[in-house]
Amino acid sequence: MLHEIIEKVITHHPDFTYNEVKELCEDFLSEQDSKIKEETKYKRLNKYLEKEFEMGEMHVKKEADKEYNLDTIPKYLFAGKSQIASSLITIKELTKNIEKTELFHKTNFKINNTDKVALIWKNGCGKTTLLKMIIWVEEISDGSIELASGLKIWYLSQDLFWKSKDNTLRQEMLEIFPEINEKIRRLEELKNHPLTPSLVRSGDNSNWAEIEKLNKELIEVDGFKKHILQLEILKYFWFTDQQLDFNVLQLSGGEQTKVQIAKFLIQEVDILVLDEPTNHLDINGIVFLEKFCKNWKKAILSISHDIRFINNTSSKIAEISGKKIHNYPGNYEQYLIEKEANFNKEMKDYEDQQKEIQRQTDYINRFRANSAKATSVQSRIKALDKVEILDKPENEAKVKTIQIHLEKRLPEIIMKLYNVEVWYTTPIVKMPEYLEVYKSDKIWIIWKNGAWKSTFLKTILWELKALNGSVDINEHLTIGSYSQVLENLDMEASIIDELKKDFDNEKHIRTILWWLLITWEKVEQFIKTLSWWERAKVALTKMLLVKPHIIVMDEPTNHLDLHSKEVIKEMLDWFHWTTIIVSHDRDLLQSISNKVWLIRDGWLDVFTEPEKWFAEVFGG
């Protein structure tokens, strides 16, 4: 009976441990008169606890009224410090080769127990490989990666991990603590066994001894609380009781990510390792994850190409370049400042050296034939031979702007939408009675869960007929659709052959590819052999080559590194005509948008002052 009473208390007050409540109960019971019946003692204990913990009818909230959100999650799950006082991960002289490519060469790095580190640089530099080496799913070539003794790591990869893809959400969560669950199952079995009371009366204490043993083992690991939290934690992430019986793959991308977060949160890990965690989240999901990472007091190691996410969640930037890991304290904005300062210093050192070399060379050339200066000339020649020539630094933080020159003047209004309803049989989105799109509009479409985005875009472009209403688009306009191009790339063609199918200016093609960091040597490579981010760049190039009047893009920055995203941002900022973009990249859209279309609850709302909307939703 005591176990049930304690379990009731920690259900309402999860900040208390099982042992703390047990000790309080035992103190109360010890003060009761020994002549009082056990049943009466427990009734008094119940009343005392209801008053002490405000669990009586007048105090306790009904379950439906209890507030569940990120802010009300038990604080100890966030605030508990790592049990490891020293460094969590130490990288020493690490070298890693993949076939003939050397990704790392004798590099060093260290992660301490409260560091929040963002791994950045261009795609293909070895970021994900490094994460996989840390969790021992990828071998190192030389050097070492030392993990602190007892270190608990949770790895949230781009491919979410499930115990079984056939599991319901309930089944998945109840596999977090299998040993605890089995002990509690056995405990309940013993307590409910019809022979247990009679065995105790006859002097056979075997069942009772096992009950006591199980209770002790569960208390030692806080098992009762952990058992409750397996399902209770989901309520703080806004999951309903009905969703517990959904298959895990029925959940949206954002919901699946939240489940993974809930799982590691109650396992009290020391470091979170996040690989592109925002890629498949909607805006609400990203804001939620960002807030979670801010509240998390332990270490984080993340790969992200979301500048806003990096800025708001990181205290250290680790740049992987030149086969080394370079450490920069602070967030991304501070990193850029220091990076610029380093570049300026390196450029000054380079220019000073060049001037000195030129000065010495001029002296040598001037006095080479002068016998009186022969010793001095030879001395300077030897000194120059010993100089280690500095390479001219490149400011890789700067990007080149892709410029699109249009030959037609556009009408002021390029699109009119009348009573448009999107879908086939029943509407998923209803739009205002009349909506105009102007040539200067840069529209950011925000969709809560991202479902049916392609259908919506095709409908407003009149590639699909609307359920109701009509769309009037100027027939002389050229539309560049990024996602459509990406879907229709010929996987068997080389990059250059695919792009030359409709465009014969090979020099211009290669120039755009170069701006997007596709080298001239790589253009002969077959598209089927390219990574996702390289295919995205090919699709972007093909879209730009048509010189569109309207650019339509569905998640254009997914799979792209920070440099390529900056190229797109610069291009869209320079492009003076209409853009319609579905994206969750706040940095990109806040930089170029002048209008927001927000789709929620089946309705499209238009915001013509996005700055105010940004400030309200994202805090500026």
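Between the side chains of Ser564 and Lys537, a donor-acceptor pair is found at a separation under 3.5 Å. Donor-acceptor pairing under 3.5 Å is recorded for the side chains of Asn112 and Ser87. With 3.5 Å as the limit, one finds a donor-acceptor pair spanning the side chains of Asp275 and Thr128. Side-chain N/O atoms of Glu255 and Gln243 include a donor and acceptor closer than 3.5 Å.
For Lys92, the side-chain contact (heavy atoms from CB on, under 4.5 Å) criterion is met by Thr90, Asn108, Ser144, Glu146, not counting sequence neighbours. The ring-ring contact (aromatic ring centres under 6.0 Å, His included) test applied to Phe607 returns Trp613, not counting sequence neighbours. Remark: Phe237 engages Phe288 in a ring-ring contact (aromatic ring centres under 6.0 Å, His included) (not counting sequence neighbours). The ring-ring contact (aromatic ring centres under 6.0 Å, His included) test applied to Trp154 returns Phe264, not counting sequence neighbours. For Asp245, the side-chain contact (heavy atoms from CB on, under 4.5 Å) partners at least two apart in sequence or on another chain are Arg170.
Of the possible polar contacts, one joining the His326 side chain to the Ser321 backbone as a donor-acceptor pair under 3.5 Å is found. The backbone N or O of Ile307 sits nowhere less than 3.5 Å from a side-chain atom of Arg586 that would complete a donor-acceptor pair. Remark: side-chain polar atoms of Arg535 are paired, donor with acceptor, to backbone N or O of Ile527 under 3.5 angstrom. At distances below 3.5 Å, not a single donor-acceptor pair connects side-chain atoms of Thr313 with backbone N or O atoms of Lys294. The closest donor-acceptor contact from the side chain of Asp585 to the backbone of Leu588 lies under 3.5 Å. Asn311 places a side-chain N or O within donor-acceptor distance of the main-chain N or O of Glu333, the cut-off being under 3.5 Å. The main-chain N or O of Asn247 is found under 3.5 Å from a side-chain atom of Gln250 such that the two form a donor-acceptor pair. When atom types are taken as modelled, the side chain of Lys127 and the backbone of Lys122 share a donor-acceptor pair closer than 3.5 angstrom. Looking at Lys116, its side chain does come within 3.5 Å of a backbone N or O of Cys293 through a donor-acceptor pair. Remark: side-chain polar atoms of Glu498 are not paired, donor with acceptor, to backbone N or O of Ala493 under 3.5 angstrom.
Side-chain contact between Glu534 and Ile495: absent, with no pair of heavy atoms (C-beta onward) separated by less than 4.5 Å. Side-chain contact check for Leu151 versus Ile89: some heavy-atom pair is nearer than 4.5 Å. Side chains of Val596 and Leu589 form no contact here, defined as non-hydrogen atoms less than 4.5 Å apart. Side-chain contact between Pro548 and Ile479: absent, with no pair of heavy atoms (C-beta onward) separated by less than 4.5 Å. Counting heavy atoms from C-beta outward, Phe456 and Leu604 have side chains that approach closer than 4.5 Å. Residues Lys291 and Trp296 have side chains not in contact (no heavy-atom distance under 4.5 Å, counting atoms from C-beta outward). Between Val137 and Tyr155, every side-chain heavy-atom pair lies at or beyond the 4.5 Å cut-off. No side-chain heavy atom of Ile443 sits under 4.5 Å from any side-chain heavy atom of Ile581.
The pair Asp587-Lys565 fails the salt-bridge criterion, with no side-chain N (NZ, NE, NH1 or NH2) lying under 4.0 Å from an Asp/Glu carboxylate O. By the 4.0 Å N-to-carboxylate-O rule, Glu93 lies too far from Lys324 to be salt-bridged with it. A salt bridge is defined here as a Lys NZ or Arg NE, NH1 or NH2 lying under 4.0 Å from an Asp or Glu carboxylate O, and Lys569 with Glu566 meets this definition. A salt bridge links Lys96 with Glu138: the distance from a Lys NZ or Arg NE/NH1/NH2 to an Asp or Glu carboxylate oxygen falls below 4.0 Å.
Atom OG in Ser494 sits 12.5 Å away from atom NZ in Lys522 (nearest 0.5 Å). Atom CH2 of Trp136 sits about 6.0 Å away from atom CD1 of Ile145, to the nearest 0.5 Å. In this structure, CG in Asp554 is found 10.0 Å from NZ in Lys458, a value given to the nearest 0.5 Å. Lys225 contributes atom NZ, which lies 12.0 Å from atom CD1 of Ile180 (distance to the nearest 0.5 angstrom). From Lys528, atom NZ reaches atom CG of Leu489 across 14.5 Å, with rounding to the nearest 0.5 Å. With rounding to the nearest 0.5 angstrom, the OG1 atom of Thr129 is 13.0 Å from the CD atom of Glu139.
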*asked:* One pair to check against side chain to side chain contact (heavy atoms under 4.5 Å, CB included): Thr579 and Met553. What are the steps and the verdict?
replied: CA-CA 8 Å; Thr579 57; Met553 307 182 86; over 6 Å; no
*Could you walk me through whether Glu319 and Tyr335 pass the side chain to side chain donor-acceptor pair (under 3.5 Å) test, one step at a time?*
CA-CA 9 Å; Glu319 177 194 283; Tyr335 153 79; 2.5 Å; yes
*Before giving the answer on side chain to side chain contact (heavy atoms under 4.5 Å, CB included), spell out for Ile300 and Ile271 the whole-Å C-alpha distance, their side-chain angles and the decisive distance to 0.1 Å.*
CA-CA 5 Å; Ile300 297 175; Ile271 181 170; 5.8 Å; no
_Run the side chain to side chain contact (heavy atoms under 4.5 Å, CB included) test on His563 and Trp121 for me, step by step, so that the C-alpha distance in whole Å, both residues' side-chain angles and the decisive distance to 0.1 Å come before the verdict._
CA-CA 8 Å; His563 184 279; Trp121 206 232; over 6 Å; no
*Start with the C-alpha distance between Asn167 and Trp162, add both sets of side-chain angles, then the distance that settles side chain to side chain contact (heavy atoms under 4.5 Å, CB included), and finish with yes or no.*
CA-CA 8 Å; Asn167 272 348; Trp162 304 107; over 6 Å; no
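In this structure, Lys442 fails the cation-pi test against Trp597, since its NZ or CZ atom is not both closer than 6.0 Å to the six-membered ring centre and inside 45 degrees of the ring normal.
Closest approach of Met571 and Leu540 over heavy atoms only: CE-CD1, 4.2 Å. Nearest approach of Cys125 to Ile320, heavy atoms of both residues: O-CG2, 3.6 Å. Taking every heavy atom of both residues into account, His584 and Asp306 meet most closely at O-OD2, 4.4 Å.
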Atom pairs and distances, donor-acceptor, side-chain atoms in residues 100-107, under 3.5 Å, two or more places apart:
| unit_1 | atom_1 | unit_2 | atom_2 | d |
| --- | --- | --- | --- | --- |
| Glu102 | OE1 | Lys323 | NZ | 3.2 |
| Glu102 | OE2 | His105 | ND1 | 3.0 |
| Thr107 | OG1 | Ile325 | N | 2.8 |

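Paired with Lys263 under the rule side-chain contact (heavy atoms from CB on, under 4.5 Å), one option of Gln230, Glu175, Glu172 passes, and it is Glu172. With Ile153 as the partner, the side-chain contact (heavy atoms from CB on, under 4.5 Å) test is satisfied by one option alone out of Leu147, Asp270, Val269: Leu147.
The 12-atom threshold is not exceeded at NZ of Lys110, counting heavy atoms of other residues, nucleotides or ligands nearer than 6.0 Å.
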